[in-house]
Structures are given as structure tokens and as C-alpha cells.
Amino acid sequence: MDRQPAHRRDKPEFLGFGLGLRPQHYEDILNGDPPIDWFEVISENYMVPGGQPLRILDEMRDRYPLVMHGVSMSIASTSPLDLDYLQDLKALAKRVEPKWISDHLCWTGVHGVNLHDLLPIPYTNEALDHVSARVHKVQEILGRPLTLENVSSYIAFEGEDMTEWEFLSQLARRTECFLLFDVNNVYVGARNHGYDPMKFLNGIPHDAVVQFHLAGHEDHGDYVVDTHDHDVCDEVFDLYRAALERFGPVSTMIERDDYIPPLADVVAELERARAIATDVFGTGAAPRSRAPIMSERV
């Protein structure tokens with residue numbers, strides 16, 4: 001019998017169109033008013049005792065809605081959950097008051113070794129049981145639903161019991177976690193493994209998806225590498241349009257992690273995403289008026 005979720009899932013509000021917060025853009029954001037509705041922050045960059053990163057984070061929190069996105073939870077590892085990490089994550093969430101907390105459906109290390117990569121898992125019933133139990137535990141510690149992202153992959157495992165989208169669907173049903181649907185990762189996976197990206201898209205539960213990632217990649221012809229160092233290509237924007245038609249308005253952001261261009265260039269990409277959503281939904285996807293964020297911090 002499936003274990004019942006510890007926390008009822010209330011789907012967060014649609015935030016509009018955001019960016020991953022990067023230090024190269026701090027000054028332009030804080031000294032201006034770019035047409036950005038919200039920001040995603042890398043949790044580990046701010047899990048520090050003090051200093052400039054937290055000062056900037058507090059300023060951003062006072063001006064914009066934020067979500068927290070991690071890279072080190074290692075939710076699918078066979079090593080025990082890092083309880084110190086989770087307590088630090090919970091403390092940061094208390095400070096930031098994020099709309100949600102996300103990480104990746106992957107493992108990043110084992111036996112005390114962090115490999116600093118987002119490594120894929122076999123989509124088996126055994127893995128599903130294992131990850132589901134760990135998601136329940138994390139949600140109990142954080143006191144809120146977790147959001148998990150599909151990752152890019154370059155290998156496939158023999159003896160799998162289900163597809164990646166079936167695994168994600170089952171995981172969301174069992175745990176009531178949310179899903180971060182990375183459109184670029186689906187495109188990369190479809191190219192690398194030869195599946196139809198629309199099957200992935202149509203296989204994900206409609207009510208579980210709270211965020212879209214859009215990013216660039218390196219195309220090597222026979223394979224594609226998720227690098228976040230290029231502009232979003234036309235094919236990923238086409239898949240994004242299909243995702244909007246499938247899931248409705250979903251908070252959307254651009255990821256850029258290397259060869260980071262000026263803020264205006266990334267905002268121009270974000271405006272393309274906004275224009276596609278406006279074409280699909282009309283004014284329901286228009287920019288939101290941004291009021292000051294009211295914080296409970298004292």
C-alpha cells in the first residue's frame with residue numbers, strides 16, 4: 001500500500017516569467033527595473049553564515065518573488081539523506097520564504113563522495129519505492145512539498161520497468177511532490193535516446209507541474225549535451241509552446257550558467273517566452289504588476 005503524503009499539495013500561483021539569479025546581473029537588477037517577474041536562486045550559493053551573498057539575497061527577496069533550486073540533495077542516492085544539509089536548507093527557506101523548493105530527480109554522490117554532477121537513475125519499481133520514501137522524509141523535514149526536476153541523460157539502463165515520464169508520474173502521485181518540467185532536458189533526452197518528446201510531455205500529470213525551465217545546449221549531431229551556455233533554440237521554444245498548450249500557464253524561466261551574456265540579452269530571450277505564452281493564452285500571460293513583497297521577517 002502506498003504511503004499517504006504528509007502534506008496536502010496546494011499548487012502555487014503562476015508567477016509569470018523569471019530568470020535564474022546570477023552574480024553577473026546583480027548590479028543591473030538592483031539598479032534598474034527590468035521586466036522580470038521572479039527569480040530562481042541556487043540554494044547552495046546562499047547556505048552560508050553571512051556576507052555579501054545573503055545581503056544581495058535579502059534585497060532581491062524584498063523586491064521579487066523567489067524560488068529555491070538545489071543541486072546537492074541527491075534524492076535518489078543510496079547513501080543516507082544528509083540531515084545537516086536539509087536543516088540548512090530549511091533555515092534558508094525560512095529566510096527567503098520561497099514559493100517552492102526544488103532539486104533534481106537524480107543522485108550526485110555516494111559513500112561521502114560528491115561527484116558534482118546530476119546523475120541518472122534506472123526507472124525501476126525498486127528505485128521508485130526508494131525515491132518515494134526519501135521524498136516523504138524530505139517533505140516531513142521541510143514541512144512543505146518538494147519540487148523535482150527531470151534531468152538530461154546520455155545513457156539508458158537495461159531492465160527498466162517504466163519510462164522516465166511514467167516514473168515521474170508515479171512519484172508525483174505517491175508523494176504529492178510537484179514537478180519542475182525542464183523543456184530543454186526533454187528535448188535533449190529525446191534526441192539522445194530517440195523517444196518522441198510529445199509522449200514525455202503528454203505522460204506527465206497536468207496538476208503536478210509548477211515550473212518550466214528553458215535553456216540552451218550543445219548540439220553535436222549524434223548527441224546533445226545540456227550545457228546552459230547557449231541561447232534557447234527554436235526547437236525548444238516549439239516544445240515550450242506545446243507544453244503550454246498541455247499544462248496551461250506555468251511559471252517559466254531562462255537558465256544560463258556559462259558564457260553569461262548581458263542581462264538585456266537574457267531578458268530578450270525571456271520576452272520571447274512571454275510572447276509565446278501570450279499568443280497561446282492572450283492577456284492571461286501578460287506581465288504582472290509587481291507590488292513590494294511583504295516579508296514576515298523581523
Side-chain angles (χ1 to χ4, degrees), residues 7 9-22 36-44 60-61 64-71 73 75 89 93 96-106 118 135 138-139 142 144-152 164-165 168-169 171-172 175-189 197 200-201 203-216 226 228 232 236-237 239-257 266 269-270 272-274 276-277 280-281 284-285 287-288 290:
H7 302 279
R9 183 176 67 186
D10 294 317
K11 191 171 182 178
E13 65 180 309
F14 170 61
L15 299 180
F17 301 85
L19 293 180
L21 183 63
R22 302 295 181 260
I36 304 166
D37 298 329
W38 59 280
F39 285 95
E40 178 189 84
V41 302
I42 302 300
S43 302
E44 290 81 1
M60 292 294 180
R61 171 62 186 84
Y64 296 93
L66 300 179
V67 304
M68 287 167 46
H69 186 56
V71 295
M73 188 176 292
I75 193 69
L89 186 67
V96 173
E97 299 166 345
K99 298 301 182 180
W100 55 84
I101 299 173
S102 66
D103 209 292
H104 302 80
L105 178 59
C106 71
L118 307 175
V135 171
V138 169
Q139 293 183 149
L142 297 180
R144 62 167 73 209
L146 181 63
T147 299
L148 288 172
E149 175 184 353
N150 58 293
V151 298
S152 294
E164 182 180 357
W165 51 93
L168 285 163
S169 298
L171 183 64
T175 67
E176 289 205 346
C177 70
F178 293 123
L179 299 178
L180 193 172
F181 190 93
D182 191 306
V183 180
N184 181 65
N185 288 355
V186 172
Y187 176 82
V188 168
F200 195 126
L201 191 153
I204 297 296
H206 177 277
D207 64 341
V209 176
V210 299
Q211 184 180 347
F212 289 143
H213 271 175
L214 298 173
D226 179 37
H228 298 182
V232 181
V236 170
F237 272 122
L239 189 58
Y240 171 61
R241 177 183 290 272
L244 290 171
E245 292 169 349
R246 160 76 173 132
F247 297 108
V250 171
S251 302
T252 298
M253 61 156 283
I254 303 285
E255 284 188 297
R256 191 68 179 248
D257 292 312
V266 188
E269 271 200 301
L270 187 63
R272 182 175 177 184
R274 195 191 304 268
I276 292 170
V280 173
F281 303 116
R288 302 177 310 117
R290 190 174 69 248

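Not measured: the values here are computed from a predicted model. No hydrogens, no waters, no symmetry mates; every other heavy atom, side chains included, goes into these values.
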Any donor-acceptor pair under 3.5 Å linking the side chain of [X] with the backbone of [Y]?
| X | Y | result |
| --- | --- | --- |
| Trp38 | Gly16 | yes |
| Ser43 | Leu89 | no |
| Arg61 | Leu66 | no |

Which heavy atom of [X] sits nearest a heavy atom of [Y], and at what distance?
| X | Y | value |
| --- | --- | --- |
| Ser102 | Leu180 | OG-CD1, 3.8 Å |
| Met253 | Leu270 | CA-CD1, 4.5 Å |
| Leu168 | Leu105 | CD2-CD2, 3.5 Å |
| Ser169 | Gly203 | OG-O, 2.6 Å |
| Ala93 | Arg144 | CB-NH2, 4.4 Å |
| Trp100 | Ser251 | CH2-OG, 3.7 Å |

Quick one: list whatever passes ring-ring contact (aromatic ring centres under 6.0 Å, His included) with [X], sequence neighbours left out.
| X | value |
| --- | --- |
| His69 | His104, His213 |
| Phe39 | Tyr64 |
| Trp165 | Tyr195, Phe200 |

Report the distance from atom [atom1] of [X] to atom [atom2] of [Y], rounding to the nearest 0.5 Å.
| X | Y | atom1 | atom2 | answer |
| --- | --- | --- | --- | --- |
| Ile36 | Leu15 | CD1 | CG | 13.5 Å |
| Phe281 | Ile276 | CZ | CD1 | 11.5 Å |
| Leu201 | Leu239 | CG | CG | 6.0 Å |
| Phe212 | Phe17 | CZ | CZ | 10.0 Å |
| Lys99 | Met68 | NZ | CE | 14.0 Å |
| Leu146 | Thr175 | CG | OG1 | 8.0 Å |

Would a 4.5 Å heavy-atom cut-off, applied to side chains only, mark [X] and [Y] as touching?
| X | Y | value |
| --- | --- | --- |
| Arg274 | Asp37 | yes |
| Phe181 | Arg246 | no |
| Glu269 | Leu214 | no |
| Val232 | Ile254 | yes |
| Phe178 | Gln211 | no |
| Asp103 | Ile75 | no |
| Cys177 | Leu171 | yes |

Check side-chain hydrogen bond (donor to acceptor under 3.5 Å, both in side chains) between [X] and all other residues, then give those that pass, not counting sequence neighbours.
| X | value |
| --- | --- |
| Asn185 | Glu149, Ser152, Asp182 |
| Glu44 | Ser72, Tyr85 |
| Thr252 | Tyr240 |

Checklist entry - Can you tell which of Val209, Leu179, Val210 makes a side-chain contact (heavy atoms from CB on, under 4.5 Å) with Phe247? => result Val209
Checklist entry - Are Gln139 and Glu176 linked by a side-chain donor-acceptor pair shorter than 3.5 Å? => result no
